[in-house]
Amino acid sequence: MMKFEHHIYGVPSKPMDWMEEDYFDELKMYQKNTQKFYDGLMLNVSYKRSHELFVYSSLLKKSNTEIIRHLYDYLQALMMDLQPYIHKGRGYSVTFHGKTVLKEAQPSRKLHLSQWLQAFYVTLILRDPFDQLKDLVAIDDSDFRAWDENNENDIRRVLYRLYQGFFGHGKKELTTLIGDVIEFSAPEFVGDGEAQDFVNYLYLPLTQMLVYAHTKDRAVKYPEKLMHSLESHRRYYTEISGDPNDVCNKWGWLSLGITAFAAHAYDAFGLVPDVDTEYMPMWLVKGEFPCYEAAFPELIHAPKPQYKDFEFTASHMEEGLDWRPIWLATIKWAKAEPNLPIVCEVIGKKVDSLSVDKTLQGEVFIDVLGNEPPVFKLYSMEPCLLGEPEKWLIDMKQKWKEHVSSILPEAETSAHFIDG
């Protein structure tokens, strides 16, 4: 098997000398941020940090399980930013390490093809572990940022339509889509010189690799295109980009695109690369890694979430209170609390407030019940799925007490689950 050398070993700054220390520091910061996500203090996880950890661990030759955990994390972090395009105009959920956060519909903005490609490549490498490939290739091509926003044949959109044709339900025949890539890779459809280099050295060689894997003469042509992709990738990050820092650009240290299409060619046609290179780890190409459940046994063995109805009350208040401002203040509080479900729309629309991401599905209602003095209640309208019910209840009991004491200092509060 031919050895294709990695450029990192010839870099004057000798990245391998400081990489272990950097990896350790990044890992500590990542673990802190992951805990913040669990605690509701962060509602997104950095996909760039996940990527760095994956690349570092691969070049440092950590165990396959350690490396693949970073790659699974990277995919889930990437999907946090892509879900608004999949669920356009609708609320959606994101999941990371077993925790799900509900998000409201996001305003429309253009999507960078490079970000979509990262999720697409990793999905192929990991063999679509979360059943989302069909969603990735169902995004509308007009959602992608273009050099000329009015040009539907900008190369970024044309490339996406080709991948959509191979892995989804393309709007045209594959031969037409391939012809479009050839026609619209001309400079006027690409952009400035930097964009042209990026397309010519990174995107087009990968496209050829994919196309020739699907031809009858794949046994001859595919290996040629694979080598061309590797050579183009290395040359771009060492010579073409014009940025001397690009030799230490972590996006160039491992090619997810080459690895992804090599994995696809291996799965679909049994094509085994005849080249050994750290740009394209062979164990990833062959799928020799644990599935998500095996890579994260701590999530599988964690206590299973439980459906619970709950009720928060405030009682023993003075008589004759004006309940409307109290009721409105509590609606506002409930809308702003991420660890409560959304407030029922019928009453929620009474208060204008900034939307926040929610960690629980379902709805809550807020009402004043009974004769004077009444009982003030916030309660679930349907059972909510709670990961750690008792821990959640302790936390929310304190938050409810603090809220009520700020508007009803004399009230007695309680928070409990309703068995039913």
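Keep in mind the model is a prediction, meaning the values are calculated, not measured.
In this structure a side-chain-to-backbone donor-acceptor pair under 3.5 Å is missing from Lys61 to Ser58. Although no hydrogens or angles enter the test, the distance criterion places no donor-acceptor pair under 3.5 Å between the side chain of Asp367 and the main chain of Leu369. Without hydrogens or angle criteria, Glu52 side chain to Glu26 main chain gives no donor-acceptor distance under 3.5 Å. Judged by distance alone, with hydrogens and angles left aside, the side-chain atoms of Tyr236 form no donor-acceptor pair with the main-chain N or O of Gly252 at under 3.5 Å. When atom types are taken as modelled, the side chain of Ser380 and the backbone of Phe310 share a donor-acceptor pair closer than 3.5 angstrom. With Ser232 contributing its side chain and Ser229 its backbone, the two residues share no donor-acceptor pair below 3.5 Å. Panel note: side chain Lys308, backbone Leu385; no donor-acceptor pair is recorded below 3.5 Å. Using modelled atom types, one side-chain atom of Trp327 and one backbone atom of Ile366 make a donor-acceptor pair closer than 3.5 Å. Although no hydrogens or angles enter the test, the distance criterion places a donor-acceptor pair under 3.5 Å between the side chain of Asn200 and the main chain of Gln196. Although no hydrogens or angles enter the test, the distance criterion places no donor-acceptor pair under 3.5 Å between the side chain of Gln118 and the main chain of Gln115.
For the atom pair Glu412 CD and Lys401 NZ, the distance stands at 10.5 Å (nearest 0.5 Å). To the nearest 0.5 angstrom, Thr413 atom OG1 is 8.5 Å from Gln398 atom CD. His403 contributes atom NE2, which lies 9.0 Å from atom CD1 of Ile326 (distance to the nearest 0.5 angstrom). Remark: Glu66 CD to Leu53 CG distance equals 9.0 Å, nearest 0.5 Å. Atom CG of Asp135 sits about 9.0 Å away from atom CG of Asp128, to the nearest 0.5 Å. Separation of atoms CD (Glu363) and OH (Tyr379) is listed at 11.0 Å; rounding is to 0.5 Å.
Atom CD of Glu402 is surrounded by more than 12 heavy atoms from other residues, nucleotides or ligands within 6.0 Å. The environment of Lys48 atom NZ is sparse: at most 12 non-hydrogen atoms of other residues, nucleotides or ligands sit within 6.0 angstrom. At most 12 non-hydrogen atoms from other residues, nucleotides or ligands lie less than 6.0 angstrom from CG of Asp352. By the 6.0 Å contact criterion, CD on Glu188 is enclosed, its count of non-hydrogen atoms from other residues, nucleotides or ligands being greater than 12. Shown here is Gln361, whose CD atom has no more than 12 heavy atoms of other residues, nucleotides or ligands within 6.0 Å. The local environment of CE in Met16 is crowded, with over 12 non-hydrogen atoms from other residues, nucleotides or ligands closer than 6.0 Å. For Phe96, the CZ atom sits in a packed shell: over 12 heavy atoms of surrounding residues, nucleotides or ligands are nearer than 6.0 Å.
Under 4.0 Å is where a charged nitrogen must lie from a carboxylate oxygen, and between Lys172 and Asp180 at least one such pair does.
Side chain to side chain, His214 and His264 meet the donor-acceptor criterion of an N or O pair below 3.5 Å. Between the side chains of His416 and Glu311, at least one donor-acceptor pair of N or O atoms lies under 3.5 Å. Asn249 and Tyr237 share no donor-acceptor pair across their side chains, judged by distance under 3.5 Å alone. For the residue pair Ser50 and Tyr30, a side-chain donor N or O sits within less than 3.5 Å of a side-chain acceptor on the partner. In this model, no donor atom of one side chain and acceptor atom of the other lie less than 3.5 Å apart for Tyr121 and Ser255.
A heavy-atom distance below 4.5 Å is not found between the side chains of Val211 and Gln208. Between Leu230 and Ile258, the closest side-chain pair of non-hydrogen atoms falls below 4.5 Å. The side-chain heavy atoms of Thr95 and Phe130, taken from C-beta on, include no pair separated by under 4.5 Å. Annotation: side chain of Glu20 is in contact with side chain of Leu60 (closest heavy-atom distance under 4.5 Å). Taking the side chain as every heavy atom from C-beta outward, Trp251 and Leu256 never approach each other to under 4.5 Å. Lys358 places none of its side-chain heavy atoms less than 4.5 Å from the side chain of Val101. Side-chain contact between Leu71 and Val122 is present, with heavy atoms from C-beta onward closer than 4.5 Å. In this structure, the side chains of Tyr9 and Glu278 come closer than 4.5 Å at one or more pairs of heavy atoms.
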Should Tyr47 and Asp81 be marked as a side chain to side chain donor-acceptor pair (under 3.5 Å) after you check the CA-CA gap, both sets of side-chain angles, and the distance that decides it? CA-CA 9 Å; Tyr47 67 82; Asp81 286 347; 5.0 Å; no

Between Thr100 and Ser93, is a side chain to side chain donor-acceptor pair (under 3.5 Å) present by the stated rule, with each step listed? CA-CA 6 Å; Thr100 298; Ser93 64; 5.7 Å; no

Apply side chain to side chain donor-acceptor pair (under 3.5 Å) to Thr207 and Tyr163, showing your working. CA-CA 9 Å; Thr207 301; Tyr163 298 148; 3.2 Å; yes

Pair Asp395, Lys399 - check salt bridge (charged side-chain N to carboxylate O under 4.0 Å, His left out), show working. CA-CA 6 Å; Asp395 180 53; Lys399 290 182 176 181; 3.6 Å; yes

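Here the shortest heavy-atom pairing between His6 and Trp253 reads NE2-O, 2.5 Å. Taking both residues in full, the closest heavy atoms of Tyr279 and Glu5 are given as CE1-O, 3.7 Å, listed atom of the first, atom of the second, then distance. The shortest non-hydrogen separation linking Asp192 to Trp147 is N-CH2, 3.6 Å. Here the shortest heavy-atom pairing between Ile331 and Ile347 reads CD1-O, 3.7 Å. Nearest heavy atoms, His97 versus Gln76: N-OE1, 3.2 Å. In terms of heavy-atom proximity, Phe261 sits nearest to Tyr222 at O-OH, 4.2 Å.
For the side-chain hydrogen bond (donor to acceptor under 3.5 Å, both in side chains) test with Asp141, the passing option among Gln164, Arg157, Arg161 is Arg161; the others fail. None of Arg109, Lys110, Lys88 except one satisfies the side-chain hydrogen bond (donor to acceptor under 3.5 Å, both in side chains) rule with Asp143; the exception is Lys88.
Stacking of Lys99 on the aromatic ring of Phe37 is recorded, both the 6.0 Å distance cut-off and the 45° axial limit being met. Under a cutoff of 6.0 Å and an axis angle of 45°, Arg234 and Phe4 form a cation-pi pair. A cation-pi contact, defined as under 6.0 Å to the ring centre and within 45° of the axis, links Arg218 to Phe269.
Using the six-membered ring where Trp is involved, Trp333 and Trp400 have ring planes that are tilted, between 30° and 60° apart. Using a 30° and 60° split on the angle between ring planes, Phe144 and Tyr160 fall in the tilted class, from 30° to 60°.
Checked against a 6.0 Å centroid threshold, the rings of Phe167 and Phe120 count as neighbours. If you look at Trp116 and Tyr85, their ring centroids are not closer than 6.0 Å.
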Show the atom names and distances, to 0.1 Å, of all donor-acceptor pairs under 3.5 Å that link a side chain in residues 280-299 to residues at least two apart or in another chain.
residue: Glu298; atom: OE1; partner: Arg69; partner atom: NH1; Å: 3.4
residue: Glu298; atom: OE2; partner: Arg69; partner atom: NH1; Å: 3.2
residue: Glu298; atom: OE2; partner: Arg69; partner atom: NH2; Å: 2.8

